[in-house]
Peer 1: 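Below: one structure in structure tokens.
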Amino acid sequence: QMGDAIFVGIITVSDRAAAGEYEDHGGPAVSAACESSGWRVEAEAIVPDDAAAIQRTIRAFSAQGCGLVLTTGGTGIAHRDVTPEAIREIMRLEIPGFGETMRMRSLEITPNAILSRSLAALVDQSLVIALPGKPSGAVECLGFVAQAIPHAVKLARGVPTSC
């Protein structure tokens, strides 16, 4: 991680995409949004809706220098949606304002946003943000919180900040 560059790891959480049953669209959509923000996507993975796999991948991406780890998928209320629980089990702390902002802004677009359990947390040396699985929702939610990300990543990495 050099200077103010933000290195990103992207994790698609989906049983069916992990099994190759359908093409992952969420990961590529989030990756394109990161690149357009000037962030460098360093690592990408597709994992099933499995807490241990999600946790392993987040920690591996953090260890390899991804100051920002974005997950897409598993934030709803379906039986297999375990992404928030997986993150909470390994986080140092949760940052509620991210989830609150993503839900409130998304509610202006769809009433079903109230079902979203998107969140942000600090895990190891990374800011982890759990985004919705729908590609448009993931990109919208990332956009709603993007301005706060650089400062949060610096704090997650223990970089001294002036404010």
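Being a predicted model, the structure only gives us computed values, none of them experimental.
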Peer 1: Going hydrophobic residue to hydrophobic residue with side-chain gaps under 4.5 angstrom, can you get from Ile11 over to Leu142?
Peer 2: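 Not linked; separate clusters.
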
Peer 1: Walk me through it: do Ser106 and Phe144 pass the test side chain to side chain contact (heavy atoms under 4.5 Å, CB included)?
Peer 2: CA-CA 9 Å; Ser106 297; Phe144 297 151; 3.6 Å; yes

Peer 1: Can you list everything that forms a side-chain contact (heavy atoms from CB on, under 4.5 Å) with Gln125? Sequence neighbours excluded, please.
Peer 2: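 Gln125 satisfies side-chain contact (heavy atoms from CB on, under 4.5 Å) with Ser62 only.
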
Peer 1: Show the nearest heavy-atom pair for residues Leu127 and Ala152, with the distance to one decimal.
Peer 2: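 Smallest interatomic distance, heavy atoms only, reads CD2-CB, 3.7 Å.
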
Peer 1: Looking at side-chain heavy atoms only, is the closest gap between Phe98 and Cys141 below 4.5 Å?
Peer 2: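 Counting from C-beta outward, Phe98 and Cys141 never come under 4.5 Å.
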
Peer 1: At their closest point, which heavy atom of Phe7 faces which heavy atom of Gly65, and how far apart are they?
Peer 2: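 The answer is CB-O, 3.7 Å.
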
Peer 1: How many angstroms lie between atom CD1 of Ile129 and atom CE of Met102, to the nearest 0.5 angstrom?
Peer 2: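 Ile129 atom CD1 to Met102 atom CE measures 6.0 Å (nearest 0.5 Å).
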
Peer 1: Test of understanding: with salt bridge (charged side-chain N to carboxylate O under 4.0 Å, His left out), list the residues that count as partners of Glu140, not counting sequence neighbours.
Peer 2: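 Partners of Glu140 under the salt bridge (charged side-chain N to carboxylate O under 4.0 Å, His left out) test: none.
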
Peer 1: Please report the interatomic distance CD(Glu44) to CG(Asp24), rounded to the nearest 0.5 Å.
Peer 2: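 It is 8.5 Å, given to the nearest 0.5 Å.
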
Peer 1: Check for a donor-acceptor pair, side chain of Ser31 on one end and backbone N or O of Gly27 on the other, with a separation under 3.5 Å.
Peer 2: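 Checking the backbone N and O of Gly27 against the side chain of Ser31, no donor-acceptor pair under 3.5 Å is found.
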
Peer 1: Please step through side chain to side chain contact (heavy atoms under 4.5 Å, CB included) for the pair Glu94 and Leu119, ending with a clear verdict.
Peer 2: CA-CA 8 Å; Glu94 187 167 343; Leu119 65 98; 3.7 Å; yes

Peer 1: Return the minimal non-hydrogen interatomic distance between Pro48 and Val13, and the atom names on each side.
Peer 2: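 Answer, listing the atom of Pro48 first, then Val13: O-CG1, 3.8 Å.
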
Peer 1: Looking at every heavy atom in both Ser36 and Ala33, which two are closest together, and how far apart are they?
Peer 2: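 Minimum heavy-atom separation between Ser36 and Ala33: OG-O, 2.8 Å.
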
Peer 1: Walk me through whether Ile87 and Gln55 qualify under side chain to side chain contact (heavy atoms under 4.5 Å, CB included).
Peer 2: CA-CA 7 Å; Ile87 293 170; Gln55 292 167 346; over 6 Å; no

Peer 1: Would you say Thr110's side chain and Asn112's backbone share a donor-acceptor pair under 3.5 angstrom?
Peer 2: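 Such a contact is found between Thr110 side chain and Asn112 backbone.
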
Peer 1: With the 4.5 Å side-chain cut-off for hydrophobic clustering, are Val69 and Trp39 part of the same group?
Peer 2: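 Hydrophobic grouping puts Val69 apart from Trp39.
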
Peer 1: Rounded to the nearest 0.5 Å, how far apart are NE2 of His25 and NZ of Lys134?
Peer 2: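 His25 NE2 to Lys134 NZ: 13.5 Å, rounded to 0.5 Å.
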
Peer 1: Please tell me whether Ile149 and Val41 are part of a single hydrophobic cluster in this structure, the criterion being side-chain heavy atoms less than 4.5 Å apart.
Peer 2: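 Same hydrophobic cluster.
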
Peer 1: When you look at Ser118 and Ser116, which way does the side chain to side chain donor-acceptor pair (under 3.5 Å) test go after all the steps?
Peer 2: CA-CA 6 Å; Ser118 295; Ser116 169; 3.0 Å; yes

Peer 1: How many angstroms lie between atom CZ of Arg103 and atom OG1 of Thr75, to the nearest 0.5 angstrom?
Peer 2: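 Answer for the CZ-OG1 pair, Arg103 versus Thr75, is 9.0 Å.
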
Peer 1: Go through the steps to decide whether Val8 and Arg40 satisfy the test side chain to side chain contact (heavy atoms under 4.5 Å, CB included), and finish with yes or no.
Peer 2: CA-CA 6 Å; Val8 188; Arg40 294 193 19 205; over 6 Å; no

Peer 1: Just verifying a value: how many Å separate Ile6 CD1 and Cys34 SG, rounded to the nearest 0.5 Å?
Peer 2: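 Reported value, rounded in 0.5 Å steps: 9.0 Å.
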
Peer 1: Which value, rounded to the nearest 0.5 Å, describes the distance between Ile114 atom CD1 and Met104 atom CE?
Peer 2: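 Between Ile114 CD1 and Met104 CE, I get 8.5 Å after rounding to 0.5 Å.
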
Peer 1: If two hydrophobic side chains count as joined below 4.5 Å and joins carry through other members, does Leu131 share a cluster with Ile46?
Peer 2: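 No: no chain of side-chain contacts under 4.5 Å links Leu131 to Ile46.
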
Peer 1: Heavy-atom distance under 4.5 Å between the side chains of Val47 and Thr12, does that happen here?
Peer 2: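 No, side chains not in contact.
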
Peer 1: Grab the two heavy atoms, one from Thr72 and one from Gly26, that are nearest each other, plus how far apart they are.
Peer 2: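 In this case the closest contact between Thr72 and Gly26 is CG2-C, 4.0 Å.
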
Peer 1: Applying the 4.5 Å side-chain criterion to the ILVMFWY set and letting contacts propagate, would Leu122 and Leu68 be lumped into a single cluster?
Peer 2: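 Yes.
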
Peer 1: Does Glu21 CD have over 12 foreign heavy atoms under 6.0 Å away?
Peer 2: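 Result for CD/Glu21: enclosed.
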
Peer 1: Tabulate below the donor-acceptor pairs under 3.5 Å that side-chain atoms of residues 77-86 make, not counting sequence neighbours, or state none.
Peer 2:
{"residue": "Arg80", "atom": "NE", "partner": "Asp15", "partner atom": "OD2", "Å": "2.8"}
{"residue": "Arg80", "atom": "NH2", "partner": "Asp15", "partner atom": "OD1", "Å": "3.1"}
{"residue": "Arg80", "atom": "NH2", "partner": "Asp15", "partner atom": "OD2", "Å": "3.3"}
{"residue": "Arg80", "atom": "NH2", "partner": "Asp49", "partner atom": "O", "Å": "2.9"}
{"residue": "Asp81", "atom": "OD2", "partner": "Gly76", "partner atom": "N", "Å": "3.3"}
{"residue": "Asp81", "atom": "OD2", "partner": "Ile77", "partner atom": "N", "Å": "3.2"}
{"residue": "Asp81", "atom": "OD2", "partner": "Ala78", "partner atom": "N", "Å": "2.9"}
{"residue": "Thr83", "atom": "OG1", "partner": "Gly73", "partner atom": "O", "Å": "2.8"}
{"residue": "Glu85", "atom": "OE1", "partner": "Arg117", "partner atom": "NH1", "Å": "3.4"}
{"residue": "Glu85", "atom": "OE1", "partner": "Arg117", "partner atom": "NH2", "Å": "3.3"}
{"residue": "Glu85", "atom": "OE2", "partner": "Arg117", "partner atom": "NH1", "Å": "2.5"}

Peer 1: How close do Ser126 and Ala156 get, counting heavy atoms only, and between which atoms?
Peer 2: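 Scanning both residues completely, I find the closest heavy atoms to be C-CB, 3.8 Å.
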
Peer 1: Output yes when a side-chain donor or acceptor of Thr101 lies under 3.5 Å from a complementary backbone atom of Val145, and no otherwise.
Peer 2: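 It does not hold such a pair.
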
Peer 1: We want to know whether Glu42 and Gln64 form a side-chain donor-acceptor pair, criterion being a heavy-atom distance below 3.5 angstrom.
Peer 2: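 Not at all, the side chains of Glu42 and Gln64 share no donor-acceptor pair under 3.5 Å.
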
